[in-house]
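In what follows, chains are A, B, ... by sequence order, proteins preceding strands, each numbered from 1.
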Amino acid sequence: MLRSRHKSTTTSPRRDAGTQRTPRNTHWIRSRSMANGKGYRQTLNLPDTPFPMRGDLAKREPGWVAAWQEKRLYTQIRERCRGRLKKFVLHDGPPYANGDIHIGHAVNKILKDIIVRSKTLAGYDAPYVPGWDCHGLPIEHQIEKRYGRGLPGSEVRRLCREFAAEQIERQKRDFIRLGVLGDWDNPYLTMNYANEANEIRALARLVAAGFVVRGLKPVHWCFDCGSALAEAEIEYEERTASAIDVAFPLDPAEQARVAQAFGLAEAPQQPILAVIWTTTPWTIPANQALNVHPEYRYELVATPKGCLILAAELKDAALARYGFSASEVETLGACQGAALARVTFRHPLYDRASPVLPDTYVELATGTGIVHSAPAYGEDDFRVWIAAGFPQEAILTPVQGDGRFAPDLPEFGGLSVWEANPKIVAALEAAGALLAHAPIRHSYPHCWRHKTPTIFRATNQWFVAMDLPRPDPLRDNHPTTLRDRALAGVDATRFYPAWGKQRLHAMIANRPDWCISRQRHWGVPIPFFVHKQTGALHPRTVELMEAVAQRVEQEGIEAWFTLDPAELLGDEARDYEKVTDTLDVWFDSGTTHLHVLRGSHPELGHPAAMYLEGSDQHRGWFHSSLLTGCAIDGRPPYDALLTHGFVVDGQGRKMSKSRGNVVAPQEVCDTLGADILRLWVASTDYSGELTISKEILQRVVEVYRRLRNTLRFMLANIADFDPTREAVAPEALVDLDRWAILATATAQQQITDAYEAMEFHRVVQTMMHFASETLGAFYLDVLKDRLYTTPAQGHPRKSAQTAITHILHAFVRWMAPILPFTAEEVWEHLTGNPEESVMFHTWYELPAIPDADAVRERWHWVLDTRERVTKAIEAKREAGEIGANLEAEITLFAAGARYQALAALGRELHFPYIVSRAEVVEVATAEEERVEARKSPHGKCARCWHYEPDVGSDPAHPDLCGRCQTNLTGSGETRLWA
RNA sequence: GGGUCAGUAGCUCAGUCGGUUAGAGCACCGUCUUGAUAAGGCGGGGGUCGUAGGUUCGAAUCCUACCUGACCCA
């Protein structure tokens with residue numbers, strides 16, 4: 001009597017799920033009618049599953065997301081991980097709370113989620129608390145755009161806070177949609193009062209450690225804003241300016257030195273003049289030095305207007321500009337710029353010295369090769385001045401915040417710099433110092449709001465000093481500089497990929513002091529009181545900051561701005577000025593190791609195992625966190641850094657609205673599904689650029705389909721399998737099934753290694769290869785005959801189902817970090833328990849296989865021979881002799897170990913090659929090995945489609961082979977090998 | 001202009017210490033199957049390893065320059 005699979009007595013929980021029977025029943029009825037009365041098809045154990053072939057991800061994922069939130073999946077995972085000995089804290093770098101997420105955000109969060117999930121599966125306690133960066137200029141700009149400028153500071157702050165909160169909700173929704181698991185109900189926000197307070201405390205720690213100093217710094221300055229501008233607020237536009245060549249006379253006392261430098265026996269009779277070229281005449285009143293390149297060649301040229309010093313390379317163009325003909329000039333001598341170091345010239349308008357300070361920033365693109373230096377109004381000028389050892393206090397700053405010269409400046413006092421320009425040119429001409437004057441069009445920085453030209457202007461700012469030795473907590477308070485600590489910190493950090501170390505190291509080695517002050521409203525205050533006369537910080541600053549922090553903890557940053565200094569200082573208040581600067585936002589996120597890891601979310605812990613961000617964060621968060629960590633703790637707040645590249649289009653171009661090549665993550669989720677986007681992220685080598693395009697996504701969809709169908713096929717073949725009662729012990733498994741489990745173990749090792757190394761594209765490649773090659777093209781293909789034709793409850797089939805179940809359990813975990821939605825879907829079908837989650841588990845422990853080496857050796861030879869077999873059959877197929885593989889019979893001529901392995905399979909040798917008959921003949925040498933394929937001369941069994949000599953041997957079943965008779969009406973066949 | 005990095009098949013990626021004819025999956029073409037079927041098997045075509053030099057008996061691999069692109073800075 002036939003045994004219907006539907007009468008299976010298994011007690012697996014999923015057997016009770018009524019919905020799962022319907023498709024099988026319709027299937028059964030349809031196939032019966034198609035069997036044309038014979039009905040052999042209904043005697044087969046064909047695949048059957050409600051797991052759909054198509055994922056329909058875009059439609060179904062939102063439902064899964066809701067279900068995860070409903071059952072508080074993240075919290076459940078946290079509870080189950082409690083007590084795990086290994087902890088892995090991936091500290092979230094906070095995205096800026098402005099604008100909807102783009103593909104770069106998606107890449108970042110997906111990579112983090114893959115890591116958190118894979119670490120969880122690897123047995124770590126891996127919490128994940130997302131965060132947002134809330135203060136700062138871009139949000140303040142949004143508010144200015146909406147409500148205009150001129151709002152009171154408190155109003156700006158209130159609107160900014162509201163705006164940031166809205167942005168966070170939008171971004172959060174999109175992040176959750178991506179399947180990212182985390183504590184979304186309790187994220188950290190840098191604008192939470194507690195965090196704001198702790199940012200102030202972090203600053204206090206830096207003050208206490210002695211790293212915070214006040215100094216001048218040239219910044220972009222807009223006269224209309226009356227404020228410093230960030231680089232991001234600057235636009236470059238074409239502008240016409242006055243280009244002037246100005247002669248600086250040599251200090252008479254330096255005549256002999258200069259003559260010697262140029263190799264002259266004595267100084268020439270004519271005056272010696274250094275000629276500079278500039279497009280900003282208004283900076284001339286602030287001139288304090290001349291810069292030359294130490295290695296360039298300079299010449300002393302006699303002209304009708306004196307002996308000019310000019311760069312050799314620019315000499316001809318300059319002389320032509322001054323209208324001198326070749327016959328009028330004569331080169332007297334030459335020297336390198338370095339030879340002129342510290343030679344003093346005189347200011348052309350004022351009775352003041354201007355020394356030569358050589359530096360390599362000087363270029364030969366235009367001008368004279370000599371740069372006039374106004375330290376207050378140029379970055380290089382300022383840097384070279386300080387580097388030469390001159391004091392900041394000596395820097396002249398005649399230009400006021402409104403763009404006018406200070407009233408006490410002779411001749412030009414009270415004029416705006418733009419009004420002064422022509423007057424200064426005239427004055428130079430009157431002084432006989434002007435050699436040339438011409439308009440020039442060039443690219444010049446403008447304020448992005450006012451569209452007016454900006455200038456560089458030295459202003460007082462607060463800095464974190466890089467090179468001041470301070471007691472180091474990690475070295476018995478032996479003094480070290482922040483730069484040295486940070487460089488040592490970089491060396492101690494592990495980088496993925498490794499080149500990040502060099503990059504960060506180079507940046508730290510070369511960076512100037514960190515300017516942490518901003519003149520903005522929407523930021524954490526720098527709550528300092530500065531003495532009105534001396535400019536010194538209040539002696540109790542650290543203590544006062546704690547008092548401010550306590551107020552901010554209650555009322556937010558507004559507490560500082562509304563604070564009456566007398567409340568904290570009493571009578572002293574009249575001697576102190578309250579600083580209204582805010583902190584650079586990089587300080588907010590750069591101190592999360594204090595105000596989040598050890599503040600708002602102490603369950604995370606310090607230091608973090610890893611920070612993971614885009615490669616731009618070498619300059620940003622990696623950098624600022626390193627500095628504050630080294631200043632406070634003497635070490636970085638992380639053990640490892642992982643960097644990913646930026647997303648570019650199929651041609652490798654960056655994405656931009658104007659190019660129209662933007663791929664929005666929301667759109668990918670709504671059309672293809674988040675699992676597809678995640679699979680794209682995982683399959684791309686993120687260490688360089690990540691390319692995305694329609695075609696690339698289409699390839700990813702194909703990969704997904706292949707994985708999904710392979711899983712579906714396996715699920716469909718264990719529909720009636722109850723592993724708790726029917727699983728076959730490893731030693732009793734069919735040999736091929738043992739091999740399959742070993743092959744799975746090998747793949748698992750490669751996959752977990754790749755996760756460990758953070759190389760997710762290797763995970764995808766290995767999964768794909770395993771699904772496509774190991775399973776699809778071989779194991780599962782071979783298994784079909786055994787699964788379909790042997791008795792439903794017989795050992796051969798149960799052995800196969802045992803192996804498939806092990807494979808599924810391993811596979812569903814491999815894919816879970818990358819394809820969480822599909823993995824949970826598989827998990828539910830595999831376990832029948834919707835309350836469960838694959839994320840509650842760890843990597844699957846596959847059963848140990850006895851005599852594994854022999855199994856591997858045997859199947860190595862079977863597989864090695866397989867390619868020869870398929871080629872031999874293909875040749876016959878092309879010749880039109882053979883159609884289906886089962887029409888073929890083969891003879892394998894094999895030598896040595898190959899012969900031994902093939903012969904071991906005995907009568908079952910034909911199964912791995914999916915032919916009707918296979919025999920093996922021993923030959924002496926490998927050279928004699930070959931494969932013969934021919935069409936079987938026998939009849940085809942109507943049930944198993946094998947061509948067998950015994951088809952029809954039983955008159956009761958004229959269409960059946962002997963094997964099928966046994967399987968149908970007898971005790972069923974025995975399988976030991978395949 | 002400087003720092004860091006990338007360029008291997010139409011696409012995504014391997015390629016160890018320099019050593020056979022540079023591999024895999026997907027896509028494409030052909031074919032078989034119709035018991036994974038909006039699937040699956042088999043076979044095939046497809047690469048000047050970004051370009052040009054150099055080192056070497058031998059270079060995708062090491063060196064130099066250049067081109068293209070990305071990030072950061074000037």
Item to check | Counterpart base for B:U4, defined by Watson-Crick or G-U wobble contacts under 3.5 Å | outcome: B:A70
Protein-nucleotides 31-34 of chain B N/O pairs closer than 3.5 Å?
from	atom 1	to	atom 2	distance (Å)
B:C32	O2'	A:Gly883	O	3.2

With 3.5 Å as the limit, what N/O pairs link the protein to nucleotides 8-11 of chain B?
from	atom 1	to	atom 2	distance (Å)
B:G10	O2'	A:Glu695	OE2	3.3
B:C11	O4'	A:Glu695	OE2	3.2

Next on the checklist: Can you see whether A:Phe911 has A:Arg975 sitting over its ring - NZ or CZ less than 6.0 Å from the centre and within 45° of the normal?
Outcome noted: yes
Next on the checklist: Measuring centre to centre across the rings, with the benzene-like ring taken for any Trp, is A:Phe382 within less than 6.0 Å of A:Trp385?
Outcome noted: no
Checklist entry - What nucleotide among B:G35, B:A39, B:A70 has an atom nearest to a side-chain atom of A:Tyr788? => result B:G35
Item to check | N-O pairing of A:Glu867 and A:Lys871 below 4.0 Å | outcome: yes
Item to check | Partner nucleotide, any strand, of B:A22 [Watson-Crick/G-U, under 3.5 Å] | outcome: none
Checklist entry - If you measure from the C1' atom in B:A22 to the same atom in B:A60, how many Å do you get, rounded? => result 8 Å
Checklist entry - Does B:U16 have a Watson-Crick or wobble partner in any strand here, with both distances under 3.5 angstrom, and which is it? => result none
Checklist entry - Distance between the P atoms of B:C49 and B:G44, in whole angstroms? => result 24 Å
Checklist entry - Which of residues 494-502 of chain A have a heavy atom under 4.0 Å from RNA chain B? => result A:Trp499, A:Gln502
Next on the checklist: For A:Tyr611 together with A:Trp621, are the ring centres under 6.0 Å from each other?
Outcome noted: yes
Next on the checklist: As a test of reading the structure: which of B:A14, B:G44, B:G35 is closest to the side chain of A:Leu46, going by heavy atoms?
Outcome noted: B:G35
Checklist entry - A:Phe811 vs A:Phe770 aromatic rings, parallel, tilted or perpendicular, using cut-offs 30° and 60°? => result tilted
Checklist entry - Which part of the nucleic acid, if any, lies within contact of A:Gln651, taking any heavy atom under 4.0 Å across all strands shown: a base, the sugar-phosphate backbone alone, or nothing? => result nothing
